[in-house]
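Okay, so here's the structure we're looking at.
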Amino acid sequence: MDADLIRLVNKLQDTFANLGGELDMPQLAVVGSQSAGKSSVLETIVGRDFLPRGSGIVTRRPLVLQLIHTPVPDSPTQTYNEWGQFLHIDKRFTDFDDIRREIEQETFRVAGQNKGISKLPIHLRIYSPNVLDLTLVDLPGLTKIPVGDQPSDIERQIRSLVLDYISKPNCVILAVSAANVDLANSEALKLARQTDPQGRRTIGVLTKLDLMDAGTNALDILTGRVYPLKLGFIGVVNRSQADINAEKSLADALEAEADFFRAHPAYRNIAHKNGTRYLAKTLNQVLMNHIRDKLPDMKARLNTLMGQAQQELNSFGDAAIYGDKNQQGALILRLMTQFARDFVASIEGTSVDISTKELSGGARIYYIFNDVFGHALLAIDATHNLDNQDIRTAIRNSTGPRPSLFVPEIAFDLLVKPQIKLLEAPSLRCVELVYEELVKICHNCTSSELQRFPRLHAQLVEVVSELLRERLGPTTEYTQSLIDIQTAYINTNHPAFVSGSAAAASALTSPPPKQVLPRHKHLEPPQPASAESLNGASITQEDDDESTDEPSPVNGTAGRDARAVSSTVHDRARGRASAPPIPGGAVAGSAHRHQSPKAHHHSSRHASGSSPVPGAAGSGTAKETFLNYFFGQNGPGPLAGSTAERANAGAGIAPVGRDVSGADPALESGLMAGKRSLERSTAFDMKSLGKHIEAASDSTGHMTMREEMETNLIRSLIQSYFNIVRQTIQDLVPKAVMHLLVNNTSQQVQNRLVASLYKPELFGELLNEDEALVAERARVKALLDAYRDAFKTLSEVTLKST
């Protein structure tokens with residue numbers, strides 16, 4: 001039964017060596033310094049010369065040596081009773097010299113020619129009636145200094161290789177040390193103590209006892225008084241190099257060893273506990289006891305490994321079901337349903353494997369809506385690309401050939417629509433980003449079962465990606481239409497816009513603080529806002545002087561529609577003769593020099609047909625309307641008076657949007673008042689117009705006070721309306737994307753997958769497994785079968801032992 005134990009372990013060792021199992025077999029590992037005599041001990045145990053020899057490092061790969069006792073054959077036809085067999089080659093070697101050459105060639109094949117080492121072991125079985133059942137692992141000898149072309153870290157490599165074997169609890173350490181070297185310098189015992197501090201699984205072997213100095217012996221070491229080990233020390237005497245050169249047989253070497261111990265005065269009393277034969281018997285007994293002690297642990301470990309292998313095999317699936325069409329269809333339908341469920345769960349945040357380290361799935365879409373898209377919209381400045389020249393040009397172009405009384409609403413429409421278009425690019429980019437995230441979610445939706453079928457997974461991803469591409473077009477078009485809708489109709493009656501524009505107008509039209517002078521004093525007051533004429537020209541005494549020097553039909557006959565607002569004010573002012581005039585009129589010297597020719601003619605008519613009346617503004621109420629904004633509030637002059645009169649007349653002119661072209665005859669005649677003055681403008685150099693004309697009052701480009709007020713008002717209105725549209729777009733675009741792209745895809749993904757892929761003619765192609773996965777399944781299945789056989793065998797051995 002004991003021999004069966006060792007053979008069982010050998011069988012399991014061979015099986016798991018091929019399959020890569022994780023079961024640690026009970027074994028003996030031979031550890032020692034280089035040239036300590038490890039190989040000689042093994043050869044003496046076997047009784048044959050079969051290991052490579054030479055100077056320096058010879059054993060460069062672990063050699064798993066399995067000694068199997070065979071009875072002497074009774075058949076006279078069999079000419080041999082000892083042979084060797086490698087695990088990597090199916091051949092019997094009856095010549096042990098061929099075994100040595102095969103070991104050398106296999107070492108060179110894996111470890112190379114440069115004296116390097118390899119962790120890949122060589123498995124050798126030796127069948128012989130002269131050996132006991134035993135399993136040993138011959139490890140490379142420990143060295144300190146690299147020699148020749150050895151790697152510089154050869155010491156670290158060998159120590160790491162040795163520790164990989166002897167650190168396993170199921171390994172019995174055979175520490176070989178030379179007797180002619182101080183035991184305190186033994187590298188084998190040092191490593192053994194590092195992994196087995198209690199010395200419970202270490203056997204000490206002393207070689208070269210015959211080479212010790214005369215008068216010295218190793219009796220204290222062999223009896224355990226120097227370095228105690230539970231399994232003790234055993235002394236052996238191997239053949240010397242001279243004996244090997246003389247081809248001394250191993251049988252003669254064993255006899256010489258026995259004679260040495262019997263004849264030595266220090267060792268004769270312990271001769272029966274030393275020698276190679278005793279070592280072989282001890283190792284055999286130790287190994288069997290070790291195996292017997294480890295059987296319960298091995299069975300428990302096998303139970304665990306069988307469960308793991310079964311679970312891994314189940315994850316690969318059963319290949320037997322893939323031939324049935326019904327089972328194939330059910331499998332594909334289940335995988336498609338799981339894929340669609342995972343896709344929707346990832347978007348909604350209900351997936352079971354949600355990451356806690358980073359945003360994933362639908363959380364990334366919310367991040368796009370809130371942070372990326374929201375910040376992109378907030379970063380847009382409503383008027384950053386509008387300079388004053390653009391606004392002035394828009395105002396001039398929107399009035400056509402007529403000068404404007406107020407800020408034209410068409411100019412506001414022309415300016416605000418391009419600004420609203422600035423929201424289009426971030427909105428479309430938001431749609432693209434959400435589409436990209438949905439594609440990423442689709443690619444990440446997989447499972448271990450679905451990974452077995454790469455073609456099916458690729459088709460699932462392709463179908464969902466195609467569905468997303470189909471939904472991307474309508475979503476983009478609708479998002480673009482949201483911008484077009486906002487530019488199609490500018491709703492100036494929006495409550496937020498009305499309040500915002502009113503606040504802006506209030507801030508802009510509030511008059512600056514000024515010094516109020518008594519009305520009856522003949523002093524020249526500061527220039528009020530009413531000093532600006534209706535068409536942007538200043539009323540000055542200088543204008544009056546200039547107008548009297550030139551022949552003008554203004555004071556004569558008037559045209560069909562040439563009655564201006566200033567002439568009407570003048571007619572009304574003449575009826576108030578009791579009001580004393582202010583000498584010099586209003587002071588506005590620089591404004592006249594910046595006026596256009598048309599404005600000059602209008603100002604000439606104002607200057608020649610009217611005089612400043614200080615009491616005209618007293619009849620109006622002080623309301624901050626757009627009329628006050630343009631014509632002043634309390635300042636002297638006919639314009640202020642006319643403004644107050646218009647306010648008292650209840651006209652109620654709105655700040656923007658009122659068409660005044662035909663509402664007031666005075667205003668209509670005022671707009672056309674310059675027609676007659678153009679007939680006398682022969683003093684100007686009337687050249688053909690160039691291609692580009694800027695809306696500037698003079699060559700310097702400086703704005704008048706009226707133009708500056710108009711520009712600031714337009715800016716404030718654009719900012720107010722742009723903020724309304726931005727809030728609307730920031731609210732509608734995420735809703736549109738969720739409805740048209742995200743939710744629509746989530747609702748249709750299951751039906752689209754079934755309609756596209758649930759076709760019997762495609763089942764075979766979709767369920768085509770990966771070749772590497774098929775090979776891995778076969779390996780795991782073979783490993784599971786080996787685990788089951790080993791467990792069954794161990795159970796039988798346990799029953800026999802009881």
Side-chain angles (χ1 to χ4, degrees), residues 315 331-379 423 425-454 456-480 482 726-758:
S315 66
L331 177 62
I332 289 180
L333 187 60
R334 179 169 59 84
L335 292 177
M336 286 192 301
T337 303
Q338 182 63 36
F339 182 85
R341 188 181 298 114
D342 292 343
F343 180 75
V344 176
S346 298
I347 295 176
E348 295 179 351
T350 58
S351 179
V352 294
D353 53 350
I354 296 179
S355 173
T356 59
K357 303 297 183 183
E358 61 182 1
L359 295 181
S360 62
R364 297 173 66 91
I365 296 178
Y366 172 73
Y367 177 79
I368 293 173
F369 289 156
N370 186 71
D371 290 24
V372 180
F373 181 57
H375 291 168
L377 293 186
L378 293 178
L423 302 173
S427 302
L428 297 180
R429 182 56 181 163
C430 176
V431 177
E432 294 176 358
L433 291 177
V434 174
Y435 167 77
E436 293 174 1
E437 287 302 322
L438 291 176
V439 173
K440 292 178 183 178
I441 293 175
C442 173
H443 281 273
N444 293 332
C445 288
T446 184
S447 62
S448 58
E449 187 177 10
L450 187 58
Q451 288 177 352
R452 301 202 312 267
F453 312 106
L456 176 60
H457 183 254
Q459 288 297 322
L460 292 175
V461 172
E462 178 60 29
V463 171
V464 178
S465 300
E466 183 179 359
L467 177 60
L468 290 173
R469 286 193 296 269
E470 291 179 3
R471 300 307 308 165
L472 179 62
T475 307
T476 302
E477 293 177 0
Y478 183 79
T479 303
Q480 193 168 7
L482 291 177
R726 174 163 53 190
Q727 293 177 359
T728 304
I729 294 300
Q730 189 173 358
D731 178 64
L732 290 181
V733 169
K735 292 180 179 179
V737 173
M738 287 298 299
H739 174 68
L740 296 175
L741 183 61
V742 180
N743 294 342
N744 195 289
T745 303
S746 300
Q747 295 169 2
Q748 297 184 13
V749 61
Q750 174 74 20
N751 297 334
R752 178 62 65 90
L753 290 176
V754 173
S756 302
L757 299 180
Y758 193 75

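The shortest heavy-atom contact between R471 and T745 is CG-OG1, 3.8 Å. A pairwise comparison of heavy atoms in I365 and E437 identifies CG1-CB, 4.3 Å as the closest pair. Taking both residues in full, the closest heavy atoms of L741 and L472 are given as CD1-N, 4.1 Å, listed atom of the first, atom of the second, then distance. Among all heavy-atom pairs drawn from F339 and C442, the shortest one is CZ-O, 3.6 Å. Taking both residues in full, the closest heavy atoms of V749 and A340 are given as CG1-CB, 4.1 Å, listed atom of the first, atom of the second, then distance. Residues V461 and H443 approach most closely at CG1-CE1, 3.3 Å, considering heavy atoms.
The CD atom of E432 sits 11.5 Å away from the OG atom of S427 when rounded to the nearest 0.5 Å. Distance CG/L450 to OG1/T446: 4.5 Å, rounded to 0.5 Å. The CG atom of L753 sits 8.5 Å away from atom CG of L467, with the distance rounded to the nearest 0.5 Å. The NE2 atom of H457 sits 10.5 Å away from atom CG of L335, with the distance rounded to the nearest 0.5 Å. Here I729 contributes atom CD1 and T479 contributes atom OG1; the two are 9.0 Å apart, rounded to the nearest 0.5 Å. In this structure, the separation between OG1 on T350 and CG on D342 is 9.5 Å, given to the nearest 0.5 Å.
Looking at heavy atoms from C-beta onward, I368 lies in side-chain contact with C430 at the 4.5 angstrom threshold. Within the 4.5 Å cutoff, the side chain of L438 has no heavy atoms near those of the V464 side chain.
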For F373 and V431: C-alpha separation, side-chain torsions, deciding distance, then whether side-chain contact (heavy atoms from CB on, under 4.5 Å) applies. CA-CA 10 Å; F373 181 57; V431 177; over 6 Å; no

Passes side-chain contact (heavy atoms from CB on, under 4.5 Å), F369 versus V434? Steps please. CA-CA 9 Å; F369 289 156; V434 174; 3.7 Å; yes

Could you walk me through whether L331 and F453 pass the side-chain contact (heavy atoms from CB on, under 4.5 Å) check? CA-CA 11 Å; L331 177 62; F453 312 106; 3.9 Å; yes

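In terms of the ring-ring contact (aromatic ring centres under 6.0 Å, His included) criterion, Y367 has no residue partners (sequence neighbours excluded). Qualifying salt bridge (charged side-chain N to carboxylate O under 4.0 Å, His left out) partners for E477, counting only residues two or more places apart in sequence or in other chains: none. For E462, the salt bridge (charged side-chain N to carboxylate O under 4.0 Å, His left out) partners at least two apart in sequence or on another chain are R469. Partners of R341 under the salt bridge (charged side-chain N to carboxylate O under 4.0 Å, His left out) rule, at least two apart in sequence or in another chain, do not exist in this structure.
Among pairs with a residue in residues 731-743, those fulfilling side chain to side chain donor-acceptor pair (under 3.5 Å) read D731-K735, at least two apart in sequence or across chains. Pairs engaging residues 746-758 under the side chain to side chain donor-acceptor pair (under 3.5 Å) rule: T337-Q750, E470-R752, N744-Q748 [sequence neighbours left out].
Other residues, nucleotides and ligands contribute at most 12 non-hydrogen atoms within 6.0 Å of the OH atom of Y478.
Without hydrogens or angle criteria, N444 side chain to K440 main chain gives a donor-acceptor distance under 3.5 Å. A donor-acceptor pair under 3.5 Å is formed between the side chain of H375 and the backbone N or O of D371.
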